[in-house]
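Read through the structure below, which is laid out as structure tokens, and then see the notes.
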Amino acid sequence: MTDKPGVVVTGVSGRMGQMLVRELETSDRLRLAAAVERTGHAWVGRDLGACMGGQDSGVMVTDDALEAFSKAQAVIDFTTPAATVAFAELAAQARAVHVIGTTGLDESDLARIAAAARHAVVVRAGNMSLGVNLLTRVTRQVAAALDEDWDIEIVESHHNQKVDAPSGTALMLGEAAAAGRGVDLAEVSDRGRDGITGKRARGHIGFHALRGGDVVGEHEVIFAAAGERIFLKHVASDRGLFARGALKAALWGQDKAPGEYDMLDVLGLGN
Ligand SMILES: NC(=O)C1=CN([C@@H]2O[C@H](COP(=O)(O)OP(=O)(O)OC[C@H]3O[C@@H](n4cnc5c(N)ncnc54)[C@H](O)[C@@H]3O)[C@@H](O)[C@H]2O)C=CC1
Ligand SMILES: O=C(O)C1=N[C@H](C(=O)O)C[C@H](O)C1
């Protein structure tokens, strides 16, 4: 028996799921309690270690999320919006800390997550890295210091398997820029441009998504004015970065009151 908090990894066969398992293997603060995949997935019912190409680990992959969550203190979830909303309700029932990395969540998904957070701790961020979260702070400061003579454009690049755009990180950066300017992002957001779009609207924030190869994640905020430009850029070259951030959040959440938190809270970067 161990007193390390137990973690359930959902979407365990995914890019982030497998990275989380690898990080948990070497963690001296947390342990893997269970591994969840979607019903019908080839890994369900098999030993996780063997599925990942190694020795049997004694952890069987399951599609019974509630049963898995009831054995753990935290759920780390990088899956899909539909799965994440369902898991938020189940994690709240199990009173497990729910760390959400899933992106592409819409307003109704966010409302259901907020409802679940009345009963349990939820930590949600479109990016779990220290660098990006720090970049949101810097973006907000720069946007606050500049007026609308400075056009703001956000460019993101990801691998060719990514299914949502703009990325969760790009939206975090857009929210930060809008907050710095004191405007509502929904009212000034321009998503890509195509055709006869007309001139750029003053004060708008543009988003552009590149997809290709195995790019882990790159984000750039460009402030462009007459005669000069400022570039703020973050490059992620290792998904382990996001997994380690998620583990930190799972541990941080253990003694917190129910509610919704983000990585700025976890990293102590303030709001
Ligand atoms: N916040 C952050 O720092 C990061 C967020 N992400 C986000 O995490 C999500 C996953 O990314 P990847 O791992 O690259 O995707 P992926 O497609 O490799 O993995 C997703 C996994 O979820 C599983 N899944 C889907 N529905 C499920 C269900 N109902 N129950 C259990 N498992 C289910 C899939 O079978 C798959 O194995 C995306 O939304 C991505 O944008 C990715 C990296 C970092
Ligand atoms: O899908 C990914 O891979 C990533 N998704 C997150 C996002 O949407 O910003 C974080 C990171 O950029 C990798």
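Since this is a predicted model, take the numbers as computed values, not measurements. Along the sequence shown, residues are numbered consecutively beginning with 1. Counting starts at 1 for both ligands and their atoms, in listed order.
- At least one heavy atom of V216 sits less than 4.0 Å from an atom of ligand 2.
- Cation-pi contact between K248 and W252: absent, since separation from the ring centre below 6.0 Å together with deviation from the ring axis within 45° is not met.
- Listed by chain and residue number, the protein contacts of ligand 1 are G11, S13, G14, R15, M16, E37, R38, F78, T79, T80, A83, F87, G101, T102, T103, A125, G126, N127, M128, K162, D164, F242 (heavy atom within 4.0 angstrom).
- Nearest heavy atom pair, residue T102 against residue P81, reads CG2-N, 3.6 Å.
- Residue S167 has at least one heavy-atom neighbour below 4.0 Å for each of these atoms of ligand 2: 7 (C), 8 (O), 9 (O).
- Using modelled atom types and a 3.5 Å distance limit, the side chains of H204 and D190 yield a donor-acceptor pair.
- Counting heavy atoms of neighbouring residues, nucleotides and ligands inside a 6.0 Å radius, atom CZ of R229 does not exceed 12 of them.
- Residues satisfying the ring-ring contact (aromatic ring centres under 6.0 Å, His included) criterion with F78, sequence neighbours excluded, are absent altogether.
- Atoms of ligand 2 found under 4.0 Å from any heavy atom of T169 (numbered from 1 in listed order, with element): 7 (C), 9 (O), 10 (C), 12 (O).
- Checked options R211, R191, K233, K162; the residue passing with E156 is R211 (criterion: salt bridge (charged side-chain N to carboxylate O under 4.0 Å, His left out)).
- Only side-chain heavy atoms of H158 come within less than 4.0 Å of ligand 2; its backbone N, CA, C and O stay farther off.
- Distance from atom 3 (O) of ligand 2 to its nearest protein heavy atom, with residue and atom name: H159 NE2, 2.8 Å.
- Scanning the protein for heavy atoms near atom 1 (O) of ligand 2, the closest one is K162 NZ, 2.9 Å.
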Could you tabulate the donor-acceptor pairs under 3.5 Å formed by side-chain atoms of residues 172-184, not counting sequence neighbours?
residue : atom : partner : partner atom : Å
R181    : NH2  : D147    : O            : 3.2
R181    : NH2  : W150    : O            : 2.4
D184    : OD1  : A186    : N            : 3.1

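- Other residues, nucleotides and ligands contribute at most 12 non-hydrogen atoms within 6.0 Å of the CZ atom of R29.
- The ligand atoms of ligand 2 that sit less than 4.0 angstrom from a heavy atom of G126 are 6 (C), 7 (C), 9 (O), 10 (C).
- Taking the ring centroids of H158 and H219, they lie under the 6.0 Å cut-off.
- Atoms of ligand 2 lying under 4.0 Å from at least one heavy atom of T103, given by number and element, are 7 (C), 8 (O).
- Each of the following atoms of ligand 2 lies closer than 4.0 Å to a heavy atom of G168: 7 (C), 8 (O), 9 (O).
- Counting only residues at least two apart or on different chains, no salt bridge (Lys or Arg N to Asp or Glu O under 4.0 Å) pair has a member in residues 56-73.
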- Any chance you could lay out the side chain to side chain donor-acceptor pair (under 3.5 Å) test for T79 and T84, step after step, and finish with the verdict? CA-CA 7 Å; T79 54; T84 289; 3.1 Å; yes
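- At a 4.0 Å cut-off, not a single heavy atom of E218 sits close enough to ligand 2 to count as contact.
- Every atom of ligand 2 is numbered from 1 in the order shown, and the set under 4.0 Å from a heavy atom of H219 is 12 (O).
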